[in-house]
Amino acid sequence: MDPLDFAGRAVVVTGGTRGIGASIARAFRAAGADVLVCGRTASGTDAGVVRADVRDPAQAAMLIKTAADRFGRLDVLINNAGGGPEAPAASASPRLHAKVIELNLIAPLHVSQAANAVMREQATGGVILMIGSVSGTRPSPGTAAYGAAKAGLHHLATSLAAEWAPRVRVNSLVVGPVASAVTPELVSRTVPMGRPAAAEEVASACLLLASPLAGYISGASLAVHGGGEWPAYLADLRDTAYRAQK
Ligand SMILES: NC(=O)c1ccc[n+]([C@@H]2O[C@H](COP(=O)([O-])OP(=O)(O)OC[C@H]3O[C@@H](n4cnc5c(N)ncnc54)[C@H](OP(=O)(O)O)[C@@H]3O)[C@@H](O)[C@H]2O)c1
């Protein structure tokens, strides 16, 4: 049996209406899964999309119930909805800080709680993935609340993995800059792979972690960041090493 065949599996992707989430949804659909995505501004004309603001626990519960009712099961939840505007920590408003932490940390907890309630009743259990960020593993100047929330999200995955094993596996992806959101030239000298990730590469990592190939992987963080970030104080060394390989 092909472990990457998701036929008959039901998947929810939060914030799957555009960006990385849309790529993840496409990848699971291409692998045969039934997929439901949500966004705050979803039109509702597409059968695979529901309008839901995941920061509201009632809407988060409604999203999971819609998927479970429609598909009769729920196998995979991808907590992808997230982000936050750049703002100096010294002057950003308390409201902005609260909203960013709500979206990137509290909302995934709400949606995961609802998903676990369905998954734990299934003999085959389920998988929950958190779309995290390198911003949560190093200082995140300009997006301090976002970085702190993502650090919390990575940690949250480990706690949920411990509480909800063995039926439900919970992992996070520590994602580096993704092509649509950054100018390639900006990261070409910082990221060892020399380019940002393609959204499809984040989606591939989700397929892998959701598949039986990762059946014993829970409470883990998978780095999808092209080798991380070359330390700025070693820039000269990088340039020398880089030239040496040419
Ligand atoms: N882009 C990058 O370089 C990068 C790097 C590392 C990690 N990440 C992470 O990857 C994830 C996706 O990022 P992206 O760049 O693809 O984002 P994006 O293009 O801004 O898309 C965000 C998606 O989430 C939805 N969304 C936002 N707030 C929501 C809410 N409260 N409830 C429900 N849906 C909501 C949006 O739809 P609506 O606006 O209609 O609600 C949209 O579908 C985020 O968690 C982000 O932190 C991104």
Side-chain angles (χ1 to χ4, degrees), residues 12-27 35-46 48-64 66-67 77-86 95-96 98-112 114 128-138 140 142-154 156-157 172-184 186-188 190-191 193 195-203 205-206 221-226 228-229:
V12 167
V13 184
T14 68
T17 56
R18 62 169 190 269
I20 297 167
S23 281
I24 296 170
R26 265 196 304 277
V35 179
L36 189 67
V37 306
C38 79
R40 291 160 305 170
T41 51
S43 71
T45 51
D46 178 344
V49 182
V50 294
R51 186 189 300 226
D53 183 336
V54 289
R55 292 171 301 185
D56 175 355
Q59 293 184 45
M62 177 278 292
L63 168 68
I64 296 301
T66 302
L77 164 66
I78 318 273
N79 281 302
N80 163 80
E86 214 173 298
R95 183 179 148 79
L96 177 78
K99 289 267 170 215
V100 168
I101 290 171
E102 217 182 343
L103 174 61
N104 291 282
L105 178 57
I106 313 288
L109 178 54
H110 291 149
V111 189
S112 298
I128 297 174
L129 300 178
M130 310 294 193
I131 302 300
S133 170
V134 292
S135 295
T137 61
R138 48 115 170 105
S140 189
T143 51
Y146 172 75
K150 290 296 193 188
L153 183 65
H154 305 154
L156 178 68
S172 52
L173 289 83
V174 178
V175 178
V178 176
S180 58
V182 294
T183 315
L186 280 180
V187 299
S188 63
T190 313
V191 174
M193 294 281 281
R195 61 174 178 85
E200 291 75 17
E201 292 171 315
V202 179
C206 290
S221 278
L222 179 65
V224 187
H225 60 15
E229 292 171 8

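Both ligands and their constituent atoms are indexed starting at 1 by order of listing.
Taking all atoms of both residues into account, the shortest heavy-atom contact from Leu105 to Leu153 is CD1-N, 3.5 Å. Here the shortest heavy-atom pairing between Arg40 and Arg51 reads O-CG, 3.2 Å. Closest of all the heavy-atom pairs between Ala81 and Thr14 is N-OG1, 2.9 Å.
Ligand-side atoms of ligand 1 in range of Ala52: 32 (N), 33 (C), range being under 4.0 angstrom from any heavy atom. Below 4.0 Å from some heavy atom of Gly19 lie the following atoms of ligand 1, by number and element: 16 (O), 19 (O). With ligand atoms numbered from 1 in the order given, ligand 1 contributes 5 (C), 6 (C) to contacts under 4.0 Å with heavy atoms of Gly176. Atoms of ligand 1 lying under 4.0 Å from at least one heavy atom of Asp53, given by number and element, are 30 (C), 31 (N), 32 (N). Counting atoms of ligand 1 from 1 in the listed order, those under 4.0 Å from a heavy atom of Gly132 are 7 (C). The contact set between ligand 1 and Ser133, taken as ligand atoms under 4.0 Å from a residue heavy atom, comprises 6 (C), 7 (C).
The protein non-hydrogen atom at the shortest distance from atom 9 (C) of ligand 1 is Ile131 CG2, 3.8 Å. With hydrogens left out, the protein atom closest to atom 35 (C) of ligand 1 is Ala81 CB, 3.7 Å, a heavy atom. For atom 28 (N) of ligand 1, the closest heavy atom belonging to the protein is Arg40 NE, 3.4 Å. Summary of contacts: the protein heavy atom closest to atom 1 (N) of ligand 1 is Ala181 CB, 3.2 Å. Closest to atom 25 (C) of ligand 1, if we only count protein heavy atoms, is Gly15 CA, 3.4 Å. Nearest to atom 46 (C) of ligand 1 among the protein's heavy atoms is Tyr146 OH, 3.6 Å. If you check which protein heavy atom lies closest to atom 11 (C) of ligand 1, you get Asn80 O, 3.1 Å. The shortest contact between atom 3 (O) of ligand 1 and any protein heavy atom is with Val178 N, 2.9 Å.
The proximity of Pro196 to ligand 1, defined as any non-hydrogen pair under 4.0 Å, does not occur for either the backbone or the side chain.
If you check each of Ile20, Ile78, Val174, Thr17 against atom 13 (O) of ligand 1, the one with the closest non-hydrogen atom is Ile20. Taking only non-hydrogen atoms, the option from Arg18, Arg55, Lys150 nearest to atom 18 (P) of ligand 1 is Arg18. Compare Gly82, Gly84, Gly83 by their heavy atoms: the one nearest to atom 17 (O) of ligand 1 is in Gly82.
Residue Ile131 forms a side chain to side chain contact (heavy atoms under 4.5 Å, CB included) with just one option from Asn104, Ile24, Val224, and that option is Ile24.
For Val54, a nitrogen or oxygen atom sits less than 3.5 Å from a nitrogen or oxygen atom of ligand 1, counting backbone and side chain alike. The shortest N or O to N or O distance between Leu103 and ligand 1 is not under 3.5 Å. On a distance-only criterion, Thr41 and ligand 1 share at least one N/O pair closer than 3.5 Å.
No side-chain heavy atom of Cys38 sits under 4.5 Å from any side-chain heavy atom of Val12. Put simply, the side chain of Pro184 does not reach to within 4.5 Å of the side chain of Arg195, judged on heavy atoms. Under the 4.5 Å side-chain criterion, counting only non-hydrogen atoms from C-beta, Ser23 is not in contact with Val202. Side chains of His110 and Pro108 form no contact here, defined as non-hydrogen atoms less than 4.5 Å apart. Counting only heavy atoms from C-beta outward, the side chains of Leu173 and Cys206 approach each other to under 4.5 Å.
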| request: For the pair Ser112 and Met130, evaluate side-chain contact (heavy atoms from CB on, under 4.5 Å) and give the outcome as yes or no after the intermediate values. | output: CA-CA 9 Å; Ser112 298; Met130 310 294 193; 3.7 Å; yes

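At least one donor-acceptor pair closer than 3.5 Å links the side chain of His154 to the backbone N or O of Ser133. Using a distance-only test at 3.5 Å, with no hydrogens or angles considered, a donor-acceptor pair links the side chain of Ser140 to the main chain of Thr143.
Between atom CZ of residue Arg26 and atom CD of residue Glu200 there is a gap of 6.5 Å, rounded to the nearest 0.5 Å.
Using a 4.0 angstrom heavy-atom cutoff, Ser135 does not count as in contact with ligand 1.
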